[in-house]
**Student:** 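Mind looking over this structure? Questions follow.
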Amino acid sequence: MRDRVAASDPGLLRLAAGLRTVGAIAVTLAVLSLLGADVSHLVAGAIAAMVATFAVREKQRDRQAVTLALGLPVALASVSVAALLSSRTVAGDLFFVALIFCAVYGRRFGDRGTALGLIGFQVYFMSLFVGVGTSSLPGYYGVISVAFASSAAARFALVPQTPTGILLRLRQAFRARLAQLLDAQLDLLDAAPDDVVKAVAQVREGTARLHETAMMIQGRLDEGTPDEAVARLVQRRIADAEIAAERLGLLLLTARSAERADTLTMHLPGAPLPESGRLPVRDEALEILRRDLLALELLVRNPVAAGSGTALSHVRNRLLGYREEENLPEAPPAVQDVFRGVGEAARAVLGLRIALDGPQDESDDSPETARSREELDAEDAAIGGAEADEGSAEEQATGLRRPTTRAAVQVAVGSALAIVGGELLSSHRWYWAVLTCWIVFINTASTGEILVKGYRRLLGTVLGVIAGIVLAGLVGHHTWTAFAVVLLCVFAMFYTAPLSYTLMSFFVTAALGVLYTLLHTYSLSVLVLRVEETALGAACGIVAAALVLPVRTDRRTNELLTAVLERLSEVTEAAVEQLSGAPPTDLLDRARDLDQALADLRAATQPLTHPVTPLRTRRDTARYVVALLETCAYHARSLAATAELLPTHPSIAADPRLRRAGQRIRHNIGAISARVAQEPSTAEVLTGPSIAALLKPGVPGTPRYGRVTDRVLRHLQRLDEAVVGLARPLGAPVAPPQ
């Protein structure tokens with residue numbers, strides 16, 4: 001159960017966010033109730049505590065404290081201006097638009113600027129919601145101060161989180177998700193022919209979840225690990241384990257097929273499986289393989305601190321023995337490949353256990369295990385002596401081209417439209433339209449993303465109105481029961497926010513229905529008006545994004561696609577050069593840059609791949625391109641990981657012949673990138689003999705792991721095929737075969 005919780009919420013970040021926010025609100029309500037505050041002050045305190053808690057996003061505790069301290073005067077100033085302008089409609093509306101512009105523009109100053117802008121906007125909105133006037137202003141000063149103090153208590157005392165603790169829980173989540181992926185791979189091994197599609201889908205999902213956790217760890221290594229050498233070691237071991245597990249799944253899929261599996265089936269939903277899709281007749285080798293997959297999962301789930309004992313040592317020794325050819329069982333070649341994959345995965349798990357759990361008892365080591373430890377120790381020494389590559393700073397855009405400036409102008413225009421339209425719908429609750437317009441611009445960068453987010457918010461609001469009607473009828477005017485329901489909704493809102501924006505909007509609207517009941521302003525017409533204002537705000541945001549300094553979805557995706565291709569070319573070139581004998585470089589950081597660029601592209605293509613999009617052909621093309629790029633990224637990561645083994649791995653050595661293969665792949669990536677960026681270029685995508693045919697790696701009888709391993713050849717060949725496959729959907733010219 002602990003592993004399931006850790007895997008479902010890596011680092012327990014969603015759980016902590018929900019508990020911290022609920023704790024801050026609960027403490028605020030408790031203190032205010034002891035002071036005899038009325039319902040309006042209780043509602044204002046709850047909203048202020050929620051804002052003060054979720055607005056602060058820095059990872060370091062000292063920076064969180066500074067931002068929270070700065071947020072209090074910002075909140076007091078915001079509520080003061082709102083009270084002073086409450087009777088001056090035009091001046092209040094103009095100030096609100098200016099405040100929105102400044103809040104969005106503040107994102108350029110990082111997390112602190114974003115937090116202070118968010119606090120200023122939300123507290124102004126809270127003032128409109130509860131109707132703060134100049135006569136009641138001193139009381140609300142006290143309410144906001146209590147809310148910020150309660151937020152600090154919840155953050156630093158009730159639900160404390162440190163970068164080191166978060167990183168530790170993320171490591172546990174990685175272990176749990178790795179074990180779940182191995183379990184899914186075992187199901188793939190045992191699946192009946194009719195269940196193969198479902199089993200492959202589970203392996204694909206498990207691989208994606210493992211990669212997600214690896215990226216989360218990568219983003220928190222600097223803050224959670226003071227020693228840079230240790231951080232780089234953990235980064236390397238996480239990458240090794242991820243790549244080894246992904247490769248093992250591909251080998252299992254290949255073993256189930258009559259011909260070698262296409263890597264694309266691991267990434268593209270609905271892709272056809274290889275012919276046959278069934279294993280050879282189950283024999284002793286397959287029973288051994290099933291046992292060894294269970295043993296590998298056992299090694300992953302049991303950290304050193306749990307006490308491994310002699311039994312687990314023997315299991316580890318047996319699995320590592322598969323790295324030697326003479327220890328492979330008699331089996332078809334495809335099944336023997338899986339045993340080799342198990343051996344490499346066991347080595348990755350051994351490295352992961354050493355990096356995460358520290359030194360281990362080596363008294364029961366077999367010769368194969370001792371050799372693996374020597375390789376890992378040599379790699380650790382090389383990692384410890386490496387220097388991080390700072391890289392070159394990217395040129396920053398200026399003026400209206402700067403994303404924060406453009407977004408600030410867009411949301412200001414959209415909010416002005418929302419104010420005008422909202423006043424026509426309701427002179428008292430027009431601010432709901434402004435709030436929606438503001439929210440649809442958060443974490444979006446193109447018109448298509450804003451359209452999708454607006455649709456999701458409207459859907460969640462409609463469903464939330466229905467729930468709010470039911471909850472309002474059940475709760476009635478029982479104040480503390482209503483606040484308990486609100487707390488549950490707030491927890492659910494923050495727990496589900498990273499998973500589904502629609503669910504988050506649903507819980508927000510349901511909670512608002514209860515708050516309206518507490519403020520004695522509840523009616524069915526109010527909730528219907530909430531839907532109308534939400535639709536209006538989303539429409540105003542979409543209009544502003546489409547007409548004011550627009551960033552078309554095509555332009556945005558093309559920019560990100562070009563960035564992915566550039567990162568892919570850099571990783572491939574550096575890996576091939578190192579495999580060809582060039583000096584070592586920081587390949588893992590480059591591979592993670594590629595992963596991050598691909599994640600940005602995947603998010604940006606959501607408007608194109610959304611189920612409601614009417615452009616079916618375009619949707620299928622976007623999915624196909626992203627799937628091919630994921631295939632490219634997998635093989636590029638694998639090449640990078642193999643290249644970093646060169647200084648220490650006894651069975652892999654540099655081979656200058658690889659440069660020929662790398663030149664063609666880099667040329668093809670450049671030709672496709674020029675086509676996507678619409679640059680003047682006559683370059684064509686080159687096709688021809690396979691990579692293996694180009695290299696002519698040796699004579700018959702050459703050992704499987706010779707100077708250029710079969711693994712390197714397979715990755716290069718698959719990468720070459722996937723890059724050529726990108727030419728057709730992206731419209732790049734292809735030269736005739738020579």
Side-chain angles (χ1 to χ4, degrees), residues 174 178 207-208 210-222 228 231-247 249-250 263 266-267 344-345 348 351-352 355 379 382-383 386-392 394 560-580 582-602 626 628-649 652 658 661-662 665-666 669 673 711-712 714-716 718-720 722-723:
F174 184 86
L178 179 56
T207 303
L210 184 68
H211 181 65
E212 175 194 20
T213 312
M215 292 295 292
M216 294 175 70
I217 292 174
Q218 169 73 13
R220 293 182 177 269
L221 275 175
D222 292 340
E228 183 179 351
R232 291 173 60 79
L233 175 62
V234 171
Q235 175 191 9
R236 173 57 193 269
R237 296 302 169 223
I238 291 289
D240 283 348
E242 178 193 352
I243 292 170
E246 191 169 2
R247 179 171 177 267
L250 181 59
T263 316
M266 295 295 291
H267 300 113
E344 292 302 321
L352 188 66
E379 290 175 21
I383 293 172
E387 294 184 0
D389 181 14
E390 297 295 336
S392 59
E394 295 185 2
L560 293 175
L561 178 55
T562 302
V564 171
L565 292 172
E566 289 174 354
R567 300 290 90 77
L568 177 63
S569 180
E570 291 172 1
V571 174
T572 303
E573 180 178 5
V576 171
E577 285 297 315
Q578 192 162 323
L579 286 165
S580 302
T585 57
D586 197 353
L587 285 171
L588 282 182
D589 283 345
R590 297 188 184 191
R592 288 308 177 195
D593 289 341
L594 169 61
D595 290 335
Q596 186 58 56
L598 185 56
D600 293 340
L601 175 65
R602 193 182 299 110
V626 171
L628 280 177
L629 287 171
E630 288 177 341
T631 296
C632 292
Y634 161 65
H635 292 294
R637 286 198 308 270
S638 300
L639 286 172
T642 305
E644 289 213 338
L645 294 176
L646 281 176
T648 58
H649 203 294
I652 301 177
L658 285 171
I665 294 174
R666 291 198 304 273
I669 294 175
S673 180
R711 182 191 311 176
V712 172
R714 284 198 296 268
H715 288 312
L716 283 171
R718 292 296 188 182
L719 181 57
D720 182 54
V723 169

**Student:** Enter the distance from F174:CZ to H211:NE2 here, rounded to the nearest 0.5 Å.
**Tutor:**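 F174 atom CZ to H211 atom NE2 measures 11.0 Å (nearest 0.5 Å).
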
**Student:** Would you mind reporting whether L639 and L587 have side-chain heavy atoms less than 4.5 Å apart?
**Tutor:** no

**Student:** Hey, is the main chain of A582 close enough, under 3.5 Å, to the side chain of E577 for a donor-acceptor pair?
**Tutor:**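 Absent.
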
**Student:** So do the side chains of Y634 and T207 get within less than 4.5 Å of each other, counting heavy atoms only?
**Tutor:** no

**Student:** With the threshold set at 4.0 Å, does a side-chain nitrogen-carboxylate oxygen contact exist between D593 and R590?
**Tutor:** no

**Student:** Looking only at heavy atoms, which two atoms of A231 and L221 are closest? And how far apart?
**Tutor:** O-CD1, 3.6 Å

**Student:** Among L716, V576, L568, find the one that has a side-chain contact (heavy atoms from CB on, under 4.5 Å) with I665.
**Tutor:**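 By the side-chain contact (heavy atoms from CB on, under 4.5 Å) criterion, I665 pairs with just one of L716, V576, L568: L716.
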
**Student:** Do the non-hydrogen side-chain atoms of Q235 and R592 ever get within less than 4.5 Å of each other?
**Tutor:** yes

**Student:** What are the two closest non-hydrogen atoms of L210 and L178, and how far apart are they?
**Tutor:** CD1-N, 3.7 Å

**Student:** For E570, check salt bridge (charged side-chain N to carboxylate O under 4.0 Å, His left out) against everything at least two apart and list the hits.
**Tutor:** R567

**Student:** Search all heavy atoms of A636 against all heavy atoms of T572 and return the closest pair with its distance.
**Tutor:** CB-OG1, 4.3 Å

**Student:** Can you find a pair of side-chain heavy atoms, one from R637 and one from E246, that are under 4.5 Å apart?
**Tutor:**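 When only atoms from C-beta onward are counted, E246 and R637 do touch, with a gap below 4.5 Å.
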
**Student:** Atom CG of L560 and atom CZ of R602: how far apart are they, to the nearest 0.5 Å?
**Tutor:**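 That separation rounds to 12.0 Å.
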
**Student:** For the residue pair A345 and A244, what are the closest heavy atoms and their distance?
**Tutor:** CA-CB, 3.8 Å

**Student:** When rounded to the nearest 0.5 angstrom, what distance separates CD1 in I238 from CD1 in I243?
**Tutor:**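 Interatomic distance, I238 CD1 to I243 CD1, rounded to 0.5 Å: 11.5 Å.
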
**Student:** Which atoms form the tightest heavy-atom contact between L233 and A355, and what is the distance?
**Tutor:** CG-CB, 4.2 Å

**Student:** For the atom pair CG (D595) and CG (D600), what is the distance rounded to the nearest 0.5 Å?
**Tutor:** 11.0 Å

**Student:** First locate atom CG of L565, then atom CG of L561, and finally report the distance between them rounded to the nearest 0.5 Å.
**Tutor:**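 Between atom CG of L565 and atom CG of L561 there are 4.5 Å.
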
**Student:** Considering all heavy atoms of both residues, which atom of T562 and which atom of S673 are nearest to each other, and what is their separation?
**Tutor:** CG2-OG, 3.7 Å

**Student:** Could you give the distance from CD (E242) to CE (M215), rounded to the nearest 0.5 Å?
**Tutor:** 9.0 Å

